[in-house]
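Working notes, beginning with the structure itself.
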Amino acid sequence: LEHFTDAYGRAGFTPCDVPLHFVDEFPSPFNGQNSWAITVDRTDAAEFRINEGIYLLRRHLMPIASSVILAHELVHAILSVQPSQRFVRGLEEGIADLVSVLALRTKFSTEVIRNTLRNFRFYHPLEPIGHMYADALSAASGLALHLGSDTFVAWVRTIQESGRDAILPDAEISLLQCAAVPRVVADNAPRFQELESVALFLMAYPRGYVVSPNARLVAEHCRVGRTINDVAELSGLPRTATKKALAELEEALRIVMVSENGRLLSADTDIYVKSGVLRYRAV
Ligand SMILES: [Zn+2]
């Protein structure tokens, strides 16, 4: 906790002293929430007569993931220094994910950070609330890349200084309605390379490349000129299953094209297999 708090301090945020609670259930009225963690700010704490702080569920504690969640929740805490009437939602969730990179980079490689955020936010199939988090992360990533990470972080600092109620609702409306971005001048701070790298990765990541397990297997063996029989033999699947899997890759993603006599006329599966974005459904 202190390690991450210091990291945010070095990135120019006013440090906030926030207690950490490990619990089996969230305090009321948050006990019905399907979350791994919540942050109760001072206003909520007074209103609901519960203790302020970050609450983590014991049953969900695990290496790396819990650190990523803690870094995310700390951003909410940082943005709650000014009293706020609003529950955290929308764009702030994406901001919290992205700004968390400033703390996480002191402990983990950029690759670990971006893969964990991808797994948290772009899992398949997304629940309705999952779309909110994924879209917020994309919006914040686009904003960070458009403004530059130094300006983006400077803007987030203004949210801490003025409070989320004063800045975030209008900023979100402007972004969504007019594609207008906040006007803020960066303080000539160095850019945050890891934050920009994670933002670009998440912006570019295609969420829809999810196929059946057979199609994922077959994709590894597609080359221009190979026949359905060749691919079946290499995949170890029956011919009918291979043909069906190739049809799925062709119809759903257009990453192969099969001729009438069963030969591959085009095959771009390598790009999506090597880059790790072609995933298969587990259920
Ligand atoms: Zn959050």
Side-chain angles (χ1 to χ4, degrees), residues 1 4-5 7-8 11 13 16 18-23 25-27 29-45 48 50-62 64-104 108 113-114 116-123 126-144 152-153 155-157 159-160 163-165 167-169 171-172 175-176 195 198-199 202:
L1 180 67
F4 284 169
T5 306
Y8 288 129
F13 291 97
C16 63
V18 58
L20 192 54
H21 309 284
F22 298 99
V23 294
E25 295 295 335
F26 294 133
F30 302 101
N31 45 350
Q33 270 198 17
N34 179 26
S35 308
W36 286 23
I38 56 165
T39 297
V40 175
D41 67 17
R42 213 171 309 140
T43 316
D44 296 339
F48 302 122
I50 52 181
N51 290 321
E52 182 189 354
I54 295 172
Y55 289 75
L56 296 174
L57 284 182
R58 272 196 199 95
R59 62 179 174 276
H60 288 320
L61 290 177
M62 64 182 79
I64 304 178
S66 296
S67 298
V68 171
I69 290 170
L70 177 60
H72 170 106
E73 294 300 324
L74 265 174
V75 178
H76 292 316
I78 281 170
L79 299 184
S80 301
V81 167
Q82 297 292 341
S84 160
Q85 296 303 318
R86 306 180 75 84
F87 281 127
V88 169
R89 36 156 306 286
L91 184 60
E92 183 174 331
E93 295 295 359
I95 291 170
D97 277 343
L98 215 46
V99 172
S100 75
V101 177
L102 301 180
L104 295 169
F108 305 109
I113 298 168
R114 73 189 185 203
T116 310
L117 285 174
R118 175 199 60 191
N119 296 347
F120 269 1
R121 302 304 183 214
F122 297 163
Y123 61 87
L126 283 175
E127 306 153 274
I129 191 69
H131 284 283
M132 185 280 284
Y133 281 100
D135 290 341
L137 180 52
S138 295
S141 298
L143 195 53
F152 174 73
V153 171
W155 174 63
V156 181
R157 278 192 223 112
I159 302 173
Q160 184 185 33
R164 67 165 62 82
D165 298 10
I167 294 196
L168 269 175
E172 196 165 352
L175 182 64
L176 298 177
L195 190 154
V198 169
L202 295 168

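The figures here come from the full heavy-atom set of this structure, side chains too, leaving out hydrogens, waters and symmetry mates. Ligands are counted one by one from 1 in listed order, and the atoms in each one are counted from 1 as well.
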(request) For Asp165, enumerate each residue passing the salt bridge (charged side-chain N to carboxylate O under 4.0 Å, His left out) test, keeping only those at least two apart in sequence or located in another chain. (result) none

(message) Tell me if a side-chain donor or acceptor on His21 pairs with a main-chain N or O of Glu52 at a distance below 3.5 Å.
(response) yes

(request) Report the residues that fulfil side chain to side chain contact (heavy atoms under 4.5 Å, CB included) with Val81, sequence neighbours left out, ordered by chain and then residue number. (result) Cys16, Gln160

(message) Among residues at least two apart in sequence or on other chains, which ones pass ring-ring contact (aromatic ring centres under 6.0 Å, His included) with Phe26?
(response) none

(message) Assess whether a salt bridge exists between Arg89 and Glu172, defined as any Lys/Arg side-chain N lying under 4.0 Å from an Asp/Glu carboxylate O.
(response) yes

(message) Suppose the cut-off is 2.8 Å; which protein N/O/S atoms would you list for the Zn ion (ligand 1)?
(response) His72 NE2, His76 NE2, Glu93 OE1

(message) Is the distance between the ring centroids of Phe48 and Phe30 under 6.0 Å?
(response) yes

